[in-house]
Every structure is written in C-alpha cells, then in structure tokens.
Amino acid sequence: MIPSADNRSGGHRRKQTSLTTGKIAYLGLCLALAMICSYVEALIPIPIGIPGVKLGLANVVMVGVLYLSDWRDAALVSFSRVLLAGFFLGNLYSILYSLAGALLSLIVMVAIKKTGQLHLISVSAAGGIAHNVGQFLVAALVVENYRILYYLPVLFLVGMATGVLIGVTASGVLKRLPPVILQGFDHRKESI
C-alpha cells in the first residue's frame, strides 16, 4: 500500500501548487494551439523581402495566456513551444533566435502589463518590437558585423506592425471566448 501524502510528509499536508488538473489541460491545449500556429506559419511564405520576418501567429496564444493567467504560465507555454517548434520545424539557430526573442518579449510585455496603463494591443506591439530586438541581439553575436545595425529600424517597424496585428487578433479572440474556457484559468477581470 502506498502511503498517503499526509503520512509521507510527517502528518502535514503538502503545499498545493497553483497548477490544477484543469489548468494543466488548458495550458496543454494552448501549447498544442501554439504549435499548430507555428506549423501553419512555416507553411505560408510571406513575400515581404525582409529576411527572417514572420507574422508570429503563435504569439496570439502567448498574449492570450498572459492575459488569462499569469506570466509563469505564459513563459511555460512560450518556451515549450519554442523548443518543440525548433526541434520539429527548425534547427539550433532558430531555437536560439526564438528563445532570445521570446524571453525579451515576455519580460517587456509583463512589465508593461503590470503598469495597467496600456491596452492589450499596445502591450503586444511592445512585445513584437522586443521579440525582434532579442533576435537581433543574438544575430549580432553570431554574425559579428556592425553593419547589421542598419537593419534595426526595419525590425522596429515590422515588430510594431506584427505586434499590433497580433494584439488586435488576441483581443478579439479573448472577448469571444466562452465562459467555460475562462473558468480553466485564474481569469482576472482586466481590460482586454
């Protein structure tokens, strides 16, 4: 017979974690949805003429998780997606670029969201810019060429444009989610 949690911990109950079974299921669903978005995006070429530019469809899911739950859950889903998508759809360099972009983007979005001063669309736009800056910093280390700095203003504009588009999409999706989905998260009434 397996001892109960009370017996194993000397009669004291274990501290409960914030991840309930339902929340784990919803985060798994969000990860799967983000992976599907990454796969679809890999199939669709964007003829902009700027190397490395992508729309970032999976970021709709990341912004959604950030607003439905908290930064820890968003980080868990984001980094899991980056690693899995990198293994399935990319290579080591794509994982490094994506991790740098995702980390800086998440830090910026969490910081701006905590102020409560800006709408989800503005938070997403800042995240888009930060994502491109994070990837740019890794590229600067890999390439070791100062001329790459000329590319930075273009990345700012593209990051802002895609961030706004992702923010508008995420805002629309979050407003239309059925209540049963919202119950799976620690949903807080915030301006979406």
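- The main-chain N or O of Ile95 is never found under 3.5 Å from a side-chain atom of Ser98 such that the two would form a donor-acceptor pair.
- Hydrophobic clustering (side-chain heavy atoms under 4.5 Å, transitive across Ile, Leu, Val, Met, Phe, Trp, Tyr) keeps Phe136 apart from Leu96.
- Between Ser171 and Val168 there is no side-chain heavy-atom pair separated by less than 4.5 Å.
- In the hydrophobic clustering of this structure, Val154 groups with Leu137; members are Ile, Leu, Val, Met, Phe, Trp, Tyr whose side-chain heavy atoms approach within less than 4.5 Å, directly or through other members.
- To the nearest 0.5 Å, atoms CH2 (Trp71) and CE (Met109) are separated by 13.0 Å.
- Taking 4.5 Å as the limit, every side-chain heavy atom of Val63 sits out of range of all side-chain heavy atoms of Val123.
- A distance-only check finds no donor-acceptor pair linking the side chain of Ser124 to the backbone of Val164 [under 3.5 Å].
- Leu103 places none of its side-chain heavy atoms less than 4.5 Å from the side chain of Leu99.
- The heavy-atom pair separating Ala100 from Gly134 by the smallest distance is CB-O, 3.5 Å.
- For Ala139, the side-chain contact (heavy atoms from CB on, under 4.5 Å) criterion is met by Tyr97, Ile148, not counting sequence neighbours.
- When every heavy atom of Leu165 is checked against every heavy atom of Thr169, the shortest pair comes out as O-OG1, 2.9 Å.
- Under the 4.5 Å side-chain criterion, counting only non-hydrogen atoms from C-beta, Lys114 is in contact with Val110.
- With contacts defined as side-chain heavy-atom distances shorter than 4.5 Å, the pair Val77/Met62 qualifies.
- With Ser105 contributing its side chain and His131 its backbone, the two residues share no donor-acceptor pair below 3.5 Å.
- One finds the OG atom of Ser69 at 12.5 Å from the OH atom of Tyr26 (value rounded to the nearest 0.5 Å).
- With contacts defined as side-chain heavy-atom distances shorter than 4.5 Å, the pair Leu68/Leu177 qualifies.
- Expressed to the nearest 0.5 Å, how far CG of Leu120 lies from CD1 of Ile166 amounts to 11.0 Å.
- Note on Leu92: it does not cluster hydrophobically with Phe88, by side-chain heavy-atom contacts below 4.5 Å among ILVMFWY residues.
- Leu152 contributes atom CG, which lies 5.0 Å from atom CZ of Phe156 (distance to the nearest 0.5 angstrom).
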**Message:** Between Asp73 and Lys23, is the side chain to side chain contact (heavy atoms under 4.5 Å, CB included) condition met? List the steps.
**Reply:** CA-CA 9 Å; Asp73 294 339; Lys23 190 172 186 181; 2.6 Å; yes

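- Both Leu76 and Val61 are members of a single hydrophobic cluster when ILVMFWY side chains are connected at heavy-atom separations under 4.5 Å.
- Nearest heavy-atom pair, Ala130 versus Val108, reported as atom, atom and distance to 0.1 Å: CB-CG2, 3.6 Å.
- Following chains of ILVMFWY side-chain contacts shorter than 4.5 Å, one cannot reach Ile107 starting from Val138, and the two form parts of different hydrophobic clusters.
- Not a single donor-acceptor pair under 3.5 Å links the side chain of Ser122 to the backbone N or O of Leu118.
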Would you mind writing out the side-chain donor-acceptor pairs for residues 29-42 within the sub-3.5 Å range, not counting sequence neighbours?
unit_1: Ser38; atom_1: OG; unit_2: Ala34; atom_2: O; d: 3.1
unit_1: Ser38; atom_1: OG; unit_2: Arg81; atom_2: NH1; d: 3.2
unit_1: Glu41; atom_1: OE2; unit_2: Leu55; atom_2: N; d: 2.7
unit_1: Glu41; atom_1: OE2; unit_2: Gly56; atom_2: N; d: 2.4

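- The OG1 atom of Thr162 lies 6.0 Å from the CG atom of Asn132; values are rounded to the nearest 0.5 Å.
- Note that CG of Asn59 and CG of Leu106 are 10.5 Å apart. Values are rounded to the nearest 0.5 Å.
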